[in-house]
2 protein chains.
Amino acid sequence: MYERKIPIDYTCGLSIAMEVAISKWKFCLLTEIHKGVVRPKDLFDAVHGISKRVLHQQLKELEFHKLITKTIYPEVPARVEYNLTGDGREVLPLLYAIDQWGLEYVPKLKKLTEEI
Amino acid sequence: MYERKIPIDYTCGLSIAMEVAISKWKFCLLTEIHKGVVRPKDLFDAVHGISKRVLHQQLKELEFHKLITKTIYPEVPARVEYNLTGDGREVLPLLYAIDQWGLEYVPKLKKLTEEI
DNA sequence: GGTGATACTGATTAAATTATCACCATGGTG
DNA sequence: CACCATGGTGATAATTTAATCAGTATCACC
C-alpha cells in the first residue's frame, strides 16, 4: 500500500472515511458485495469499468481495513468469496445517503457545467 | 478549475458528492461557515493547516457548485461573507454522519496501522 | 502437452488533488 | 510615502489516487 508523506488527520472522521471507504470504486464494491456478488470474477463483471488490477487492490485495502472478509475455498478452479463485516455493513447506509444526495444534485451540476 | 480528462460518472451519486463536497477541506469549511465563521480571514484562522491559496480555491468551487453564496460588502477594508445555500445545508448532516462513523473507526484504524 | 478458468502481482505511467511561493489591488492611517 | 489589513490570483511542484500492461500460479480437462 502507498506510504503517506503527509500524515492523516485523526481528528477528522471524514478524512478517515475517505481513506477507508470513500473512493472511486470502494462504494460500488461494497454495495455489490452487499447485494450478493461476492466472487472477484463476478465483481469484475458487475462493476463496469474497473480493471482487474484495481479490483484486487481495492479489495485488499477493504480487507485490510476490515470492512470485508475474504474466504478462500479449497476448490478447483479456485473460489474466493468476500463478505461485509460489521463495520462494512454499518458504513454502507451512510454511503447510500450521500449517493442519494449526489444523484439528486446531478441535474444542478449538469446545468452548471453546461452554462460554461 | 481543473479540466477533467476522464469524464465523471453521472450515474454514481457518490462520485458527484466527492466532486462537490467531499474533499480534504470542504467539509471543514462548510461546518465552520455553518457555525458562523463566514469571513475568509476568520475561516483561514479557524481551519488549521489550510493555506490562503487553497482556502480561496475551495471557497470558489463551493460557490460555483452553489453550496455557499458569496456576499461582498462595499466597506473598507473589504468585507466578504460566505453563507450556506439550501444544498449546502442539506448535505451537511450527511457529512456529519460520515465524520461520526470515521471518528468511531479511528481506534480500529490505529490498531491496524500499529500492527505493521 | 496445450488450453482455459480463476485469482492475483510488479513495475510503471497518468490523472486528480493539494501545497508552495510569490505576487496584485484597495483604501485607511501614521 | 510607507505600511497595514483585507481579499484575491498565477505559475509551478508535490502528493495521492487510479490506470495500464504484462506477467505468475494452480489445477482441470481434452
Side-chain angles (χ1 to χ4, degrees), chain A residues 1-9 12 14-29 33 37-65 68 70-82, chain B residues 1-9 12 14-29 33 37-65 68 70-82:
Chain A
M1 251 177 278
Y2 178 82
E3 190 181 337
R4 297 195 153 277
K5 300 195 177 171
I6 297 176
I8 198 167
D9 179 6
C12 175
L14 192 75
S15 293
I16 307 292
M18 285 169 69
E19 172 89 359
V20 169
I22 304 181
S23 69
K24 181 165 178 183
W25 299 111
K26 280 175 183 160
F27 173 56
C28 302
L29 292 174
I33 291 172
V37 184
V38 295
R39 298 187 64 181
K41 177 62 164 55
D42 295 335
L43 284 166
F44 179 70
D45 293 339
V47 178
H48 176 73
I50 198 169
S51 77
K52 261 168 48 169
R53 181 70 179 77
V54 172
L55 171 70
H56 286 289
Q57 211 170 258
Q58 300 291 309
L59 287 173
K60 212 171 190 177
E61 289 179 18
L62 286 170
E63 190 200 359
F64 173 79
H65 288 126
I68 63 176
K70 176 179 181 176
T71 313
I72 304 171
Y73 295 91
E75 298 178 7
V76 164
R79 184 159 70 94
V80 171
E81 286 190 7
Y82 292 95
Chain B
M1 248 177 282
Y2 178 82
E3 190 181 338
R4 299 194 153 278
K5 300 194 177 174
I6 297 175
I8 199 166
D9 177 6
C12 175
L14 192 77
S15 293
I16 307 291
M18 286 170 69
E19 170 91 357
V20 168
I22 303 181
S23 70
K24 181 165 179 184
W25 300 112
K26 280 176 183 159
F27 173 56
C28 303
L29 292 174
I33 292 171
V37 184
V38 294
R39 297 188 64 182
K41 177 61 164 56
D42 296 335
L43 285 167
F44 179 70
D45 293 338
V47 178
H48 176 74
I50 198 169
S51 76
K52 255 170 53 168
R53 183 69 180 79
V54 172
L55 171 69
H56 285 290
Q57 210 170 256
Q58 299 291 311
L59 287 172
K60 213 170 188 176
E61 288 179 19
L62 285 170
E63 192 201 356
F64 174 79
H65 288 125
I68 62 176
K70 176 179 182 177
T71 314
I72 303 171
Y73 294 92
E75 295 178 11
V76 162
R79 185 159 69 94
V80 170
E81 286 189 6
Y82 291 94

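Naming: A, B, ... by sequence-line order, numbering from 1 per chain.
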Measuring from atom [atom1] of [X] to atom [atom2] of [Y], what distance do you get when rounded to the nearest 0.5 angstrom?
X	Y	atom1	atom2	result
Met18(B)	Ser23(A)	CE	OG	6.5 Å
Arg79(B)	Thr71(B)	CZ	OG1	9.0 Å
Ile68(B)	Lys26(B)	CD1	NZ	9.5 Å
His56(B)	Ile50(B)	NE2	CD1	9.5 Å

Please identify each residue that fulfils side-chain hydrogen bond (donor to acceptor under 3.5 Å, both in side chains) with [X], with sequence neighbours left out.
X	value
Arg53(A)	Gln57(A)
Lys41(A)	Asp45(A)
Glu63(B)	none

Rounded to whole Å, how long is the line connecting atom [atom1] of [X] with atom [atom2] of [N]?
X	N	atom1	atom2	result
Leu43(B)	dG8(D)	CG	P	11 Å
Ile22(B)	dT17(D)	CD1	P	14 Å
Glu81(A)	dT6(C)	CD	C1'	13 Å
Ile72(B)	dG8(D)	CD1	P	7 Å
Gln58(A)	dC8(C)	CD	P	14 Å
His48(B)	dA19(C)	NE2	P	12 Å
Ile8(B)	dA15(C)	CD1	P	16 Å
Phe44(A)	dT6(C)	CZ	C1'	12 Å

If you pin Pro40(B) and Glu3(A) to their nearest nucleotides in DNA chain D, which one's is more 5'?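 Checking each residue's closest nucleotide, the 5'-ward one belongs to Pro40(B).
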Could you please name the option among [options] that lies closest to any side-chain atom of [X]?
X	options	answer
His56(B)	dA15(C), dT9(D), dT16(D)	dT9(D)
Lys70(A)	dA16(C), dC8(C), dT15(D)	dC8(C)
Trp25(B)	dA7(C), dT18(C), dT17(C)	dT18(C)
Lys60(A)	dT9(C), dG8(D), dA19(C)	dT9(C)
Ser23(A)	dA18(D), dT9(D), dT17(C)	dA18(D)
Tyr2(A)	dT16(D), dT18(C), dA19(D)	dT16(D)

Using five pairs at each end of the helix from dG1(C)-dC30(D) to dG30(C)-dC1(D) to define an axis, what is the angle between those two axes, to 10°?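 Here the local axes at opposite ends form an angle of 30°.
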Can you find a side chain N or O atom of Arg4(B) that sits less than 4.0 Å from OP1 or OP2 on dA15(C)?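 Checking Arg4(B) against dA15(C): no side-chain N or O falls below 4.0 Å of OP1 or OP2.
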I want to check one thing: is the phosphate of dA18(D), taken as OP1 and OP2, less than 4.0 Å away from some side-chain N or O of Lys24(A)?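 No.
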Within the structure shown, what part of the strands sits under 4.0 Å from Tyr82(A) by heavy-atom distance: base, sugar-phosphate, or nothing?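 If one applies the 4.0 Å heavy-atom cut-off, Tyr82(A) turns out to touch the sugar-phosphate alone, with no base involved.
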Contact class for Lys26(B) (heavy atom, under 4.0 Å): base, sugar-phosphate, or nothing?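 Nothing: the residue Lys26(B), judged by heavy atoms under 4.0 Å, touches no strand.
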Taking distance alone, no hydrogens or angles, what donor-acceptor pairs closer than 3.5 Å link side-chain atoms of residues 2-9 of chain B to residues at least two apart or in another chain?
{"residue": "Arg4(B)", "atom": "NE", "partner": "Glu19(B)", "partner atom": "OE1", "Å": "3.2"}
{"residue": "Arg4(B)", "atom": "NH2", "partner": "Glu19(B)", "partner atom": "OE1", "Å": "2.6"}
{"residue": "Asp9(B)", "atom": "OD1", "partner": "Thr11(B)", "partner atom": "N", "Å": "2.9"}
{"residue": "Asp9(B)", "atom": "OD1", "partner": "Thr11(B)", "partner atom": "OG1", "Å": "2.6"}
{"residue": "Asp9(B)", "atom": "OD2", "partner": "Thr11(B)", "partner atom": "OG1", "Å": "3.3"}

Identify the residue among Asp42(B), Ile33(B), Val38(B), Ile72(B) that makes a side chain to side chain contact (heavy atoms under 4.5 Å, CB included) with Glu81(B).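 It is Val38(B), the one option of Asp42(B), Ile33(B), Val38(B), Ile72(B) that forms the side chain to side chain contact (heavy atoms under 4.5 Å, CB included) with Glu81(B).
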Counting primed atoms plus P, OP1 and OP2 as sugar-phosphate and everything else as base, spell out the protein contacts along nucleotides 20-30 of chain C at 4.0 Å heavy-atom distance: B, S or - for each nucleotide, 5' to 3'. BB-----SS--
Of all the heavy-atom pairs spanning Gln58(B) and Leu29(B), show the shortest one and how long it is.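 Closest approach of Gln58(B) to Leu29(B): CB-CD1, 3.6 Å.
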